[in-house]
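Predicted model, so just to flag it, every value in this text is computed and none were measured.
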2 protein chains.
Amino acid sequence: MNEKDYLKLIGQNITKVRKRKNLTLVQLGDICNIEKSNLIPIEKGRTNVTATTLLKIANALEVDVQDFFKF
Amino acid sequence: MNEKDYLKLIGQNITKVRKRKNLTLVQLGDICNIEKSNLIPIEKGRTNVTATTLLKIANALEVDVQDFFKF
DNA sequence: TAACAGGGTATGTTTTATCATACCATTAGA
DNA sequence: TCTAATGGTATGATAAAACATACCCTGTTA
């Protein structure tokens with residue numbers, strides 16, 4: 001898998017979980033202290049997200065980081 | 001889990017898989033095009049590794065990225 | 001027709017991951 | 001003993017993530 005698609009899938013997984021939890025980008029951002037303007041590139045797969053940012057988001061969404069890597 | 005321990009565990013998982021495959025840091029680095037001097041901080045959990053770097057390492061080690069997040 | 005909420009974009013700044021190279025210590029083999 | 005391999009450290013440069021703020025568009029609703 002190429003890096004572009006891989007980042008896109010991670011982002012899509014985050015979006016899926018966020019919507020499943022009925023959270024807006026602002027709400028998620030409030031919980032994990034990340035601005036929505038920074039969450040959007042992550043969900044769109046436009047940024048090469050770091051491990052700790054994934055941890056913050058996973059904690060906020062109450063899932064395992066691994067869940068973002070299940071394709 | 002705090003970020004420090006989390007990064008350390010990711011690194012330890014990478015080290016475990018690398019040793020299981022009987023690869024040195026240089027050999028792993030050759031496969032995924034990452035200098036051993038840059039792999040060491042990752043394995044030690046001293047750097048906040050990015051998603052694509054984890055993908056490169058996972059590909060080189062022939063495992064899923066998820067495997068690095070199993071604690 | 002406001003006003004607001006939601007998703008999304010743009011951008012300048014700061015921080016830091018990655019790259020690349022050089023170097024050190026220890027250990028095993030010739 | 002010398003050499004090479006291995007793990008590890010240090011560092012300067014470059015690319016880019018994260019931060020923070022401001023702004024735009026669309027749909028909804030008072």
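The distance from atom CD of B:Gln12 to atom CZ of B:Phe71, rounded to the nearest 0.5 Å, is 9.5 Å. Taking CG from A:Asn59 and CE from B:Met1, the interatomic distance works out to 8.5 Å, rounded to the nearest 0.5 Å.
Under the salt bridge (Lys or Arg N to Asp or Glu O under 4.0 Å) criterion, B:Lys70 pairs with B:Asp67, not counting sequence neighbours. Annotation: side chain to side chain donor-acceptor pair (under 3.5 Å) contacts of A:Thr50 (sequence neighbours excluded): A:Thr53, B:Asn48. Under the side chain to side chain contact (heavy atoms under 4.5 Å, CB included) criterion, A:Asn2 pairs with A:Lys4, A:Asp5, not counting sequence neighbours. Among residues two or more places apart in sequence or in another chain, the ring pair (Phe, Tyr, Trp, His ring centres under 6.0 Å) test is passed with A:Tyr6 by none.
Proximity of residues 38-58 of chain A to DNA chain D (heavy atom under 4.0 angstrom from any strand atom) is restricted to A:Asn38, A:Thr47, A:Asn48, A:Val49, A:Thr50, A:Thr53, A:Lys56. If you check residues 9-33 of chain A against DNA chain D, you find no residue with a heavy atom closer than 4.0 Å. Within residues 64-71 of chain A, no residue places a heavy atom under 4.0 Å from DNA chain D.
Using a 4.5 Å heavy-atom threshold, the side chains of A:Ile14 and A:Leu54 count as touching. No side-chain heavy atom of B:Leu61 sits under 4.5 Å from any side-chain heavy atom of B:Ile31. Proximity of B:Ile10 to B:Phe69: side-chain heavy atoms (C-beta onward) are separated by under 4.5 Å at one or more points.
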Check nucleotides 27-30 of chain C against the protein and report each pair of N or O atoms closer than 3.5 Å, with its distance, or say if there are none.
none

Subject >> Test log, rule side chain to side chain contact (heavy atoms under 4.5 Å, CB included), inputs B:Ile57 and B:Phe68 >> reply: CA-CA 10 Å; B:Ile57 296 172; B:Phe68 300 148; 4.0 Å; yes

Original post:
Given B:Lys21 and B:Gln27, is the side chain to side chain contact (heavy atoms under 4.5 Å, CB included) satisfied, shown in steps?
Top reply: CA-CA 11 Å; B:Lys21 301 262 172 178; B:Gln27 289 172 328; over 6 Å; no

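Minimum interatomic distance between B:Leu55 and B:Val65 (heavy atoms only, all atoms of both residues): CA-CG2, 3.9 Å.
Running 5' to 3' along DNA chain D, contacts with non-hydrogen atoms of chain A at under 4.0 Å begin and end at D:dA17 to D:dT21.
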Contacts table for residues 33-46 of chain B: side-chain donor-acceptor under 3.5 angstrom, sequence neighbours left out:
{"unit_1": "B:Glu43", "atom_1": "OE1", "unit_2": "B:Thr15", "atom_2": "OG1", "d": "2.9"}
{"unit_1": "B:Glu43", "atom_1": "OE1", "unit_2": "B:Arg18", "atom_2": "NH2", "d": "3.0"}
{"unit_1": "B:Glu43", "atom_1": "OE2", "unit_2": "B:Arg18", "atom_2": "NE", "d": "2.7"}

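In this structure, CD of A:Glu35 is placed 14 Å from C1' of C:dG7, rounded to the nearest angstrom.
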